[in-house]
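See below for the structure under consideration.
All heavy atoms count here, side chains included; hydrogens, waters and symmetry mates do not.
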Amino acid sequence: MLTLIKKEWLDIRRDKVSSILLISFTLLLVVSLLMSWQYHQWYSHTHKETTDNARRHWETQGTKNSHSAAHFGIYLFKPLSPLALWDTGVDKHTGVSLFIEAHKRNDLQLKAVEDNPLLARWGELTPAYVLIFLLPLLTIWLACNSVIKERTDGTLKLVLSQGISLKKYVWGKALTLWIIAFVLITLLWIIAGVLVSVARSESFFTFESFWLLGVYLFFNGIFIHLSLFVSLRTKNERNALAFMIGLWLIMVWFIPRVSTQLSEQLFPSPSTEVFLKKIAEDIAIHGINGHGGENEKMKKLKEEWLNKYQVDSIQQLPLNWLGVLLQADENTNNLIYEKHHKALHSQYERQEGIQQLSAFFSPIIPARSVSMSLSGTDLPATIHFMDKADNYRKQFIEKLNNRLRDKSRYNERDTGTVAVWKTLPVFHYTPPDFKTKIDRTKTNICILILWLLVSIGAMQFSINSLKIV
C-alpha cells in the first residue's frame, strides 16, 4: 500500500496541471487564512476598544435621574470566537452591536453585508469557504484524472497483471487523496491555531476545533470516493469531469438556494418593519403605559401598592410611584417581546428543518451547518447572544427603575452621578458550551457520516463490478 501511495503521489507531481492546481490551491488557502486573520485581529482590537469606550461613555454621562440614564443606554458588542478565524458564519449578515435602553428590545446593528453588497452575493474568502466550496474541485480533478487515464492508456491492465488486486489499487489512490487533504487541512488548522493562541488568551485548540478538523476531513472524503466511483464507471476523463463538476454545481449552488427559498416560502419570516409593528400594536393593547394614561392594569397595580403600605394615595407612598410604574411597564413589555421573539425563532427553526432535509441531497449543507455551529458563528449562536444581552438589559433597567423608586418620592427625580453609574454591572458574555453545540448539530454530523459511508459503498460497488478487458 505504501508503494501504491508513493506511486500515485509521483504521478500527481509529474502531471503539470495537477501540480499547478495543487500549488494554486495551497496559495489560496494561505491567502484566505491571512485575510481572515487580518479581519480577526482588527475586530478583536475594535471590540475591546469600542466596548471600553461604550462603558466609559455610560459611566461619564453626567448627573441626571435614573430614568433619563435608562434612555441614555449603552452599547454591547458580540465577542469574536477564536474559531471565527476559520468560519465567520452569519455574523456579517446579522450584525455585531446591540443598543440596550428602557422600554425597547432592539435588534443587532452594524451588519458588514450592508456596507459590502458583494459579500451577500459571493460570500467571503475564509478557510471554511475555500475548504467547503473549492477543495472538492481539486479533489474531483485529482480523482477523475486518476483511474480513467490509466484505463485509456492501458497501464491499469498492466499494473493489475503484476498480481495486485483492483480493490487494493483503487484504495491506494483513495488513501493518497486522503493524505493530501489531511496535510492541507491539518497544516492550515495548526497555523490558524498558533496565530490565535499567540494573539489571544483563549486557545484555538479546543474540543470544537478538533471536531471541526474531523468534519472537514470527512467532508472531503465524500468527494474523494464519489469521484473515484464516477471515474470507475465512466469511459473517458472528459465525461467523468463533466459529471462531477455538474454534481458539484448542483450540491454547492442549486440545492442550497432551492432549500433556502423553499423554507422561506413554507415558513415565511416577517420583515423587520412588520415584526416591530406587531410588537408595537401588542404593547399598545396589553401594555401598562408607564409614561401616563390610565387603564385597568394600572389601576390594579396601584391598588396593590396602596394596600401594601396601607395608604390612600400614591402621594403618601414612602417611595416614588413612577419607579414602580416604569418597572411594571418593563415587566409587561418584556413578556410581549419574548412572545414575539420566540415565535420568530420558532419560524427560523422550521426553516432550518427544511434545510436539514435537503442535507440528504447535498453534503455541503450539513458540513456548512456544523462548521458554523462549532465556530460559534451560526444563527443559534447569534440568538443566544441576543437573549443573554436582553437578560442583562432587563437587570440593567430594573436596577435603574428601583433606584428611582427608592431614592426619591412622589413627583421627584432621583439624582445619579458618575459614582452611581459605575455600580451598574458590566456585561460578560459566555457562549454556548461544547455539549450544547454538539447536541444542536448531531443530526447534521450523522448525515455527513452517512454521506461518507454511502460514497465509500458506491466506490466499493464499482470496484467489485468493474471488468478490465
Side-chain angles (χ1 to χ4, degrees), residues 25-26 28-30 32-37 39-40 43-44 79-92 123-136 138-139 178-200 202-224 252 256 352 356 359 362-382 384 431-452:
F25 184 80
T26 303
L28 186 61
L29 277 177
V30 173
S32 69
L33 179 60
L34 291 177
M35 290 180 63
S36 190
W37 169 246
Y39 172 77
H40 195 276
Y43 185 89
S44 298
L80 202 63
S81 160
L83 287 176
L85 172 68
W86 193 271
D87 191 342
T88 54
V90 300
D91 281 358
K92 293 187 177 182
E124 185 182 12
L125 190 65
T126 61
Y129 181 89
V130 175
L131 292 176
I132 287 181
F133 294 100
L134 302 182
L135 180 57
L138 176 65
T139 302
W178 270 94
I179 291 171
I180 292 173
F182 177 80
V183 171
L184 287 173
I185 297 172
T186 305
L187 281 178
L188 187 73
W189 177 77
I190 291 173
I191 294 171
V194 170
L195 288 174
V196 172
S197 299
V198 168
R200 297 178 57 161
E202 299 176 89
S203 175
F204 180 90
F205 301 109
T206 58
F207 286 118
E208 291 93 335
S209 177
F210 283 99
W211 273 72
L212 194 64
L213 179 63
V215 165
Y216 280 92
L217 289 172
F218 276 27
F219 171 73
N220 187 69
I222 293 169
F223 282 90
I224 289 174
V252 169
E352 186 180 356
Q356 197 167 73
S362 172
I364 286 176
I365 294 174
R368 188 82 176 101
S369 177
V370 175
S371 176
M372 290 191 296
S373 180
L374 292 174
S375 298
T377 56
D378 60 347
L379 184 59
T382 299
H384 184 269
D433 58 14
F434 173 69
K435 184 179 181 302
T436 301
K437 293 177 181 178
I438 290 297
D439 288 342
R440 195 165 61 214
T441 59
K442 58 186 178 183
T443 301
N444 282 315
I445 292 174
C446 291
I447 294 174
L448 206 59
I449 294 173
L450 179 62
W451 265 99
L452 180 61

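- Rounded to the nearest 0.5 Å, atoms OG (Ser373) and CD1 (Ile438) are 7.5 Å apart.
- A heavy-atom distance below 4.5 Å is not found between the side chains of Leu33 and Thr126.
- With ring centers used as reference points, Tyr216 lies 6.0 Å or more from Trp211.
- Side-chain contact annotation: Ser369 with Asn444, donor-acceptor N/O pair under 3.5 Å present.
- Atom OG1 of Thr443 and atom CG of Leu450 lie 12.0 Å apart (nearest 0.5 Å).
- Residues Phe205 and Ser197 have side chains in contact (heavy-atom distance under 4.5 Å, counting atoms from C-beta outward).
- In this structure, the side chain of Thr377 engages the main chain of Asp87 through a donor-acceptor pair within 3.5 Å.
- Side-chain contact check for Ser36 and Trp86: no donor-acceptor pair (N or O, by modelled atom type) lies under 3.5 Å.
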Evaluate the side-chain contact (heavy atoms from CB on, under 4.5 Å) criterion for residues Leu184 and Asn220: first the C-alpha distance (whole Å), next the side-chain angles of each, then the deciding distance (0.1 Å), finally the verdict. CA-CA 11 Å; Leu184 287 173; Asn220 187 69; over 6 Å; no
Check the pair Leu83, Phe204 against side-chain contact (heavy atoms from CB on, under 4.5 Å), reporting the backbone distance first and the verdict last. CA-CA 6 Å; Leu83 287 176; Phe204 180 90; 3.2 Å; yes
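- To the nearest 0.5 Å, the span separating CD1 on Ile132 from CD1 on Ile364 amounts to 7.5 Å.
- Residues Ile445 and Pro366 fail the side-chain proximity criterion, which asks for heavy atoms closer than 4.5 Å.
- Remark: the backbone N or O of Val370 is not paired with any side-chain donor or acceptor of Thr441 at under 3.5 angstrom.
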I'd like to know whether Trp189 forms a side-chain contact (heavy atoms from CB on, under 4.5 Å) with Leu212, so could you lay out the CA-CA distance, the side-chain angles of the two residues, the decisive distance to 0.1 Å, and finally the verdict. CA-CA 9 Å; Trp189 177 77; Leu212 194 64; 5.5 Å; no
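- Put simply, the side chain of Leu131 reaches to within 4.5 Å of the side chain of Leu29, judged on heavy atoms.
- Side-chain contact between Ile180 and Thr139 is absent, with no heavy atoms from C-beta onward closer than 4.5 Å.
- Between Ile365 and Ile447, the closest side-chain pair of non-hydrogen atoms is not below 4.5 Å.
- Between the side chains of Thr436 and Asp433, at least one donor N or O lies within less than 3.5 Å of an accepting N or O.
- Between Arg440 and Pro380 there is a side-chain heavy-atom pair separated by less than 4.5 Å.
- Contact annotation: the side chain of Phe219 never approaches that of Ser371 to less than 4.5 Å [non-hydrogen atoms, C-beta and beyond].
- Proximity of the aromatic rings of Phe218 and Trp451 is defined here by a centroid distance below 6.0 angstrom, and this criterion is not met.
- Rounding to the nearest 0.5 angstrom, the gap separating the CZ atom in Phe182 from the CG atom in Leu187 is 8.5 Å.
- Look at Lys437 and Asp378 and you find no salt bridge, because none of the NZ, NE, NH1 or NH2 atoms lies under 4.0 Å from a carboxylate O.
- The cationic group of Lys435 does not satisfy the cation-pi geometry with Phe207, failing either the under 6.0 Å distance to the six-membered ring centre or the 45° limit from the ring axis.
- The OH atom of Tyr43 sits 14.5 Å away from atom CG of Leu85, with the distance rounded to the nearest 0.5 Å.
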Walk me through it: do Arg368 and Tyr129 pass the test side-chain contact (heavy atoms from CB on, under 4.5 Å)? CA-CA 9 Å; Arg368 188 82 176 101; Tyr129 181 89; over 6 Å; no
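- If you take NZ on Lys442 and SG on Cys446, they are separated by 8.5 Å, rounding to the nearest 0.5 Å.
- For the side chain to side chain contact (heavy atoms under 4.5 Å, CB included) test with Pro82, the passing option among Val196, Leu195, Thr206 is Val196; the others fail.
- Of all heavy-atom pairs between Leu452 and Gly221, the closest is CD1-C, 3.7 Å.
- One N or O on the side chain of Ser44 and one on the backbone of His40 form a donor-acceptor pair closer than 3.5 Å.
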